[in-house]
Amino acid sequence: MTEDAKAAKARYKSTVLLPQTEFSMKGGLTEKEPALQAKWEEEDLYGQIRAARKGGKPWVLHDGPPYANGDAHTGTGMNKILKDMVVKFRTMQGFDSPYVPGWDCHGLPIEHNVLKELGGKKPEEMTSVQLRERCLEYANGYVDKQRGQFKTTGTLGDWQRPYLTTSPEYESNVLRVFRDLFDKGYITRAQRSVHWSWAAQSALAEAELEYEDREDVSIYLRMRARAQVAGVDDVALLIWTTTPWTMPANLAIAVAKDAEYALVEYDRDGKSERTVLAEELREAVLEKSGVTEHKVLKHFRGEALAGVTYSHPLWGSECPVVFADYVTLEDGTGLVHTAPGHGKEDFETGKNHDWFNADRPVCPVSPTGHYYSDDRLREELNLPANHPDDNGWFAFINGKQIWKHNDNVVEKLREQGDLLHSEKFMHSYPHCWRTHTPVIFRATEQWFVNVDHVEAGQTKTLRQRILDEIKNVQWFPAWGEKRISAMVENRPDWCISRQRFWGIPIPGFMDPETGKVCISTQTVDHVVALVAEHGSNVWYDDANWPVDKLLPDAVRPDEFKGRELKKMDDIFDVWFESGSSHRAVMLTNEELKDKFPAGLYLEGDDQHRGWFQVSLILSVATQGVSPFKQCLTSAFVVDENGLKGSKSKGNIWAIDKGVKDLSADLLRLYFASSNTSEPIPVTYDLVRGAGESYRKLRNTFRALVSNLFDFVPDKHAVKYDDLQPLDKWALSQCQRVIDEVTGSWERYEFHTATRALVHFANVTLSSQYIDVCKDRLYCEGAESVSRRSAQTAYWVIADVLMRLMTPVLVHTTEEMWQHIPRWPGTPDSVHLAPWPTAAGEGKRDTALDSRFGLLFKLKAESDRVLDRLRKEKVIGKGYDAHVTLGVNAELMKQLATFGPPETLEPELAEALNVSRVKLDGASDHAALQEFEPATDVKGLFVKVQALEDTACVRCFRRTGDVGSVKEHAFLCTRCAGVVDG
RNA sequence: GCGCCGGUAGCUCAGUUGGUUAGAGCAUACGCCUGAUAAGCGUAAGGUCGGCGGUUCGAGUCCGCCCCGGCGCACCA
């Protein structure tokens, strides 16, 4: 370029309309986000949104309460972010969509930690009320902490007035749910064998069990029959058990009526023995036991064992053989050790045979997992005071811890000579989810919700009605329906009582003299009113709330009037509390109470067994319907190795730390790009990886908006019909993205929506559309229709892009909102803006879609050849090139439908980003060496030549007409015209 | 043990009712531009679609079996 040309270029540069914007290329998110959040809070953005949507169709995501303990980590943080994204999406769609966050504040872990702070147990001088106050303080501390952590993610909601399960209002509503259940006959108090955590000293529900691997010992034990069996003397019955510690509580042996049994004879330790076991298991068991030779004396069916009794191996008492249909021949011996105090089925068997004295199964194990001591042990075992104890078993187990004593029991049985065989084995065994200790079955008196009860006026059991309701809910992903149905079909009655104090009391009273429980609708109602006013502490405040004041005679059933009653000390399972949130929150909160049932519950998929299920049970029983219309679950957060995050492994971090280091928008974008139906790996590096998409979205928006510096929508927007074809095409593409993204959001497929957006920004906009529009925007006259046409499309697209990103990039789009030209009267925050449904006046135009689809295919072919010539140093930029497209007749015909050559060729030059395009439909291109066959377009050949023409110093194109306007020797005709205005 | 989900380029994932030569982003390599510039554009390389068998004119897609990973249920005595 000559010196003159350089000077001219500098001179004309000011006439080029280069992009301008204050919207920075870099996000600087970690600095900007806290300031923006402070502004939102100050201006009460959430309140503004609420006011703006008032009267809209309601659509509520009801928050499942996280537990008020520990940090809000990536998992809980993700859950809040997903919820916020959905609420923002629905809000933008125009729904009235309040978000009331809540916390689960009662329960064992908090009680546990508070006790730990106090040195392991409640100090003598401390009252229950004082201890409960410590628990409340503890929970409230974590509510505050987690609230702060959640807020850093940019999640909007009623953070000032969250629901807490400890508030008197909440507590009283939990009791109202109980009252309704009681009223309808769902509540039973009964002796049953339940899962018991001796470490937590409490009954546990199914949802509170976790299966962990554990080594145990299994024993094959001979129980000596008292009389002949099948006409043979001195016979033993062989049982198998994996819980030797339950032997003291053995009451019977169960056998299968129809199974075939064998009576075998063999030598052991030099003595001859006769033993009964299932024929099918005979070989395996005897071989395992080291019996090398044996002979079968008899075969008979289980039925033949009717009336047989045996001597208890510890106590010597006479015990029966009974029949039970749960006896299988998969494991063991076909003769089942039955201890009603320590097994569900055993308990049923015991109950059916009416073995329980005074309604008490034999259960010699205390709440802490020790055998009882002395008189109590004797009483629990139903042993008379003068019972002979020749082998010293009584002293042997007296007061011992069952697990520690397990092996000792085995050894003593071995010494006694009754042990045929024992072996260690690994199995998965239910553990307490909080203390991670193995649970036991323990027969106790508990409160239950009877899921197979048919209430008055109904024809179906509650279980069936829940299953019906499940079908009315939309489950995302769809397999959730199967999972929860299977759980409900198979679940036992719900044991809702816990023997702790950090919770809501089950409002039962007892007459200690008669053992009768005093409870009625009126008594419960009375307590509900007191709890609503004073909180559940009334139950524990003996000084101010003695029983007579808690339950005056006036509200008691007649038989309890004037009696000395005692408050019972069970509390509700925390799941009963959180499961009542539909009542305590959805049906109570000022903003929510007319919006029941909720539109959506959104939690981790472990809640099928937890919150979803208990919510369904309680809501169907008391309201007759599911408390939610849709249910969305996400998989768990894992680390880069696919391992579940845990604090001890150090592969999980507090969400606010992640926000501080990486920014909320990046985390949100990362979660929005993840397939939440599969385990979601979360590491700093992976989240940083989302930065690529973030930059692309941000810079694409910036490219669009920087070309709108002189564009005022209500003055300059071009009517749809007057837009240039390429711009109409861009709007059509934009419309497609709107439809795609909206559809994905409706199905809660966040990652599909994000992918569509990123692809649109990356390919359609950045690589295709924006690249091609530059000449029009920079070089055409400021007010020219062709430039205003492009700007109109840019504006619409930038606006749509921004809005479609808003539920995810809540901070970034708010910043964008400040930099995009707006119509007068638009709201101050993007979060008050509506969700886009149409790209301006634009619409899908399939003719344009395929027309430009073909042009960009031609571009790809030309690019390939251009690139080769670039590498050969023949050309540099595209404007140095002249592209000849050799096309066959068919392709020419197709191209001709877009317009005559004199308009088509310039349009192609624009689309291909070169100075000149010539269409050649006449030659035999395949025969011509300078033409290169296309790889993806049939009938196309490409020839590229360097242009000798001088480049216009203003628009850089080599159009062949530079200098044709005398006054502007260095400009092309178009630019000269523009400069002269 | 039963069931569900997944296995596609080095990494993260798309692949619609079975239909041309299996796609995208990132990363890599090589270039261009210097008027989106701590940006932007282009090109290339990279795949036995977990394995085997079957149905079909045609299979990443449908069927069967198997292997690997994850999850759920059950493991009771």
Side-chain angles (χ1 to χ4, degrees), chain A residues 9 13 16-21 23 25-26 206 211 218 239-243 246 250 253-254 324 326-328 330-339 342-346 349 427-430 441 477 479-480 482-484 486-487 489-490 605-606 608-609 635-636 638 642-644 673-675 677-679 681 685-686 689-693 695-696 698-707 751-752 755-756 758-759 762-763 766-768 770-772 774-775 777-779 859-860 862-873 875-880 913 935-936 938 954-956:
Chain A
K9 183 179 174 187
K13 176 130 180 162
V16 182
L17 301 164
L18 294 179
Q20 300 170 27
T21 182
F23 186 77
M25 223 158 46
K26 283 182 72 182
E206 299 294 308
Y211 284 80
S218 73
I239 62 101
W240 174 74
T241 182
T242 57
T243 51
T246 61
N250 174 276
I253 291 174
Y326 55 81
V327 175
T328 67
E330 279 157 26
D331 266 316
T333 62
L335 292 95
V336 175
H337 153 58
T338 299
H342 297 298
K344 188 161 286 185
E345 289 163 330
D346 304 35
T349 302
H427 62 160
S428 71
Y429 189 85
F441 270 100
W479 50 257
K482 260 200 212 164
R483 174 171 298 184
I484 196 158
M487 285 174 173
E489 271 165 32
N490 297 320
D605 59 22
D606 58 330
H608 284 119
R609 137 169 118 152
F636 269 103
V638 294
L643 297 172
K644 213 180 237 184
S673 355
S674 300
N675 179 353
S677 68
E678 280 170 43
D685 279 344
L686 285 169
E692 290 301 329
S693 309
R695 270 194 6 238
K696 197 74 209 182
R698 187 177 176 96
N699 279 324
T700 303
F701 175 83
R702 183 169 182 270
L704 294 171
V705 87
S706 63
N707 281 293
H751 66 302
T752 327
R755 189 187 307 280
V758 170
H759 187 264
N762 229 340
V763 179
S766 190
S767 156
Q768 298 184 325
I770 292 178
D771 232 32
V772 160
K774 285 176 186 172
D775 181 73
L777 285 160
Y778 299 171
C779 300
K859 177 171 192 281
S862 135
D863 277 338
R864 191 170 298 117
V865 182
L866 286 168
D867 188 65
R868 209 192 68 232
L869 295 192
R870 266 187 205 114
K871 292 199 167 129
E872 289 167 8
K873 301 290 172 200
I875 54 163
K877 57 183 139 185
Y879 283 159
D880 296 340
N913 244 330
T935 56
D936 287 326
K938 224 191 265 174
R954 186 169 173 276
C955 72
F956 304 164

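Chain letters run A, B, ... following the sequence lines, proteins first, then strands; residues in each count from 1.
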- Task: Scan A:Tyr429 against the nucleic acid and name what it touches under 4.0 Å (heavy atoms): base, sugar-phosphate only, or nothing.
- Result: nothing
- Task: Tell me what A:Thr752 touches on the nucleic acid: a base, only sugar-phosphate, or nothing, going by heavy atoms under 4.0 Å.
- Result: nothing
- Query: Which part of the nucleic acid, if any, lies within contact of A:Asn675, taking any heavy atom under 4.0 Å across all strands shown: a base, the sugar-phosphate backbone alone, or nothing?
  - Reply: sugar-phosphate
- Message: Base, sugar-phosphate or nothing for A:Ser706? Non-hydrogen atoms, less than 4.0 Å.
- Response: nothing
- Counting any heavy atom closer than 4.0 Å, what does A:Arg698 reach on the DNA or RNA strands: base, sugar-phosphate only, or nothing? nothing
- Task: Please measure how far the P atom in B:rG64 lies from the corresponding atom in B:rC5, and state the result in whole Å.
- Result: 12 Å
- Query: Looking at A:Arg609 and A:Asp606, does any basic side-chain N land under 4.0 Å from a carboxylate oxygen?
  - Reply: no
- Whole Å only: how far is the CG atom of A:Leu777 from the P atom of B:rA36? 11 Å
- Query: What is the nucleic acid contact for A:Asp605, judged by heavy atoms within less than 4.0 Å: base, sugar-phosphate only, or nothing?
  - Reply: nothing
- Message: Can you say whether a donor on the side chain of A:Lys696 sits under 3.5 Å from an acceptor on the base of B:rG25, or the other way round?
- Response: no
- Message: Is A:Arg755 close enough to B:rC13 that one of its side-chain N or O atoms is under 4.0 Å from OP1 or OP2 there?
- Response: no
- Query: Which part of the nucleic acid does A:Thr242 contact within heavy-atom distance under 4.0 Å: base, sugar-phosphate only, or nothing?
  - Reply: sugar-phosphate
